[in-house]
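Here the structure is laid out as structure tokens; the discussion comes afterwards.
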2 protein chains.
Amino acid sequence: MKVSTQTKAVSNAASPYLARKQSRRGAVLSAQRGHILSEECPSQQVLKNVTSRWGVLVLIVLQGGTHRFSELRRSVGGVSERMLTQTLQRLESDGLVHRVALNVVPPHVEYSLTELGAEAAAKVRSLADWIEINLHRVLANRQTGRGNGTRPTAVPVRQVKAARSGNGSSR
Amino acid sequence: MKVSTQTKAVSNAASPYLARKQSRRGAVLSAQRGHILSEECPSQQVLKNVTSRWGVLVLIVLQGGTHRFSELRRSVGGVSERMLTQTLQRLESDGLVHRVALNVVPPHVEYSLTELGAEAAAKVRSLADWIEINLHRVLANRQTGRGNGTRPTAVPVRQVKAARSGNGSSR
DNA sequence: GGAAGTACGTACATGAAAGTAAGTACTCAA
DNA sequence: TTGAGTACTTACTTTCATGTACGTACTTCC
């Protein structure tokens, strides 16, 4: 019953999407790039885990070094224990986070980034940094109320007979 | 509460989260970084728009140049018209995407990245590229079934009396 | 002359993500 | 002796994202 196919259904077919990319980078990348754009490509799942609401924040915090579960909970702000657990488990199963449970009675678990995780975290943080730095530019845009100016609500055009859209505009 | 503070509640208070970061970067960044980690910081909303399932893909496609709505729909693979519209509108209101509607009868609308959007798209793509290139490493991890090895399901420790967790582990 | 294409808007349905609350087995400080 | 802290799990609920379907005002293709 709805096994939350999240972390599942990926382990089997680990083939068609792993096309060798290093062969002729640059060219292929901008031309076809059929991987992440095609649905059901496992990379979309990884992307989701990494860019999920809490995933991003956890990766950023862990960039600062090893943290205990409760430290993470306090650092992130707003996470519920349930969500933090789930996020960490997904990141762990993707090999981005390393978990070490000390076998003591008041539970003590330490989380840190793996090599893989450190690389991903760097990318994620780069994005986050950009957003924080440019936030004012984005907010400025929102206030000027773009997004509904030219929008014609329905199709109010009436006497403007078609202009034959026979131009390739792009590509 | 529960005003669906999503797209709202951002326009007014555009202040406490816009702390000047450029002043003493590096240092502050790794030390406090209170912005994206604190809930209700508008940057989380921007992050969500940019890293949403379709947001990422649209940005990547638009990096290839101007596209019409229908071109985007075909390029992305799996998007419904509704979702594409919504995604584009959010990106537009964030000032990342520019929309030009030609006033002709078979509707013709062109979407392109703004300067701001191009910067964001570069970051996003960097992440996406990393994921595609390292996908095999992640998938390899999943198959070895990490994530439940050391996990003690409940609290099976019994005779291991507390080891005084009085260490600062990190930070 | 009916079908398909265009770029949406809107209503409804579903499924996934997230929150809430409680339980666990034990320790330590008050 | 009560309360808080630890690192979770499980069950249940709510919120949100997304999908599906249909309408539109017109044109072009078959």
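Residue numbers start from 1 in every chain, and the chains themselves are labelled A, B, ... in the order their sequence lines are given, proteins ahead of strands.
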Revision key, fill the gap. Hits for salt bridge (charged side-chain N to carboxylate O under 4.0 Å, His left out) against B/Glu115, two or more places apart or cross-chain, chain-then-number order -> none

**Study point:** Bend angle of the helix from C/dG1-D/dC30 to C/dA30-D/dT1, end axes from five pairs each (to 10°)
**Key:** 10°

**Study point:** With B/Arg137 via salt bridge (charged side-chain N to carboxylate O under 4.0 Å, His left out) - residues at least two apart
**Key:** A/Glu119

Revision key, fill the gap. Residues passing the salt bridge (charged side-chain N to carboxylate O under 4.0 Å, His left out) test with A/Arg53, sequence neighbours excluded, are none

Revision key, fill the gap. Whole-Å distance, A/Glu39 CD to D/dT18 C1', equals 13 Å

Check your understanding: Rounded to the Å, how far apart are A/Arg90 CZ and C/dA16 P?
Key -> 11 Å

Identify the pairs formed between an N or O of the protein and an N or O of nucleotides 20-23 of chain D at a distance under 3.5 Å, and give each distance.
unit_1, atom_1, unit_2, atom_2, d
D/dT20, O4, B/Arg82, NE, 3.4

**Study point:** Among C/dG5, C/dA17, D/dT6, the one nearest A/Lys48 by side-chain distance
**Key:** C/dA17

Review point. How would you list, by chain and number, every residue that makes a side-chain contact (heavy atoms from CB on, under 4.5 Å) with A/Val109, sequence neighbours excluded?
Key: A/Arg99, A/Ala101, A/Tyr111

Practice item. Taking side chain to side chain donor-acceptor pair (under 3.5 Å) as the test, write out the residues that go with B/Thr85, two or more places apart. Key: none

Exercise for review: Using side chain to side chain donor-acceptor pair (under 3.5 Å) as the criterion, list what pairs up with B/Gln44, not counting sequence neighbours.
Suggested key: none

Practice item. Quick one: label B/Gly78 by what it contacts on the DNA or RNA (base, sugar-phosphate, nothing), any heavy atom closer than 4.0 Å. Key: sugar-phosphate

Review point. What pairs with A/Ser126 under side chain to side chain donor-acceptor pair (under 3.5 Å), at least two apart in sequence or on another chain?
Key: B/Lys123

Exercise for review: Just compare C/dA7, C/dG5, D/dA7 and give me whichever is closest to any side-chain atom of A/Phe69.
Suggested key: D/dA7

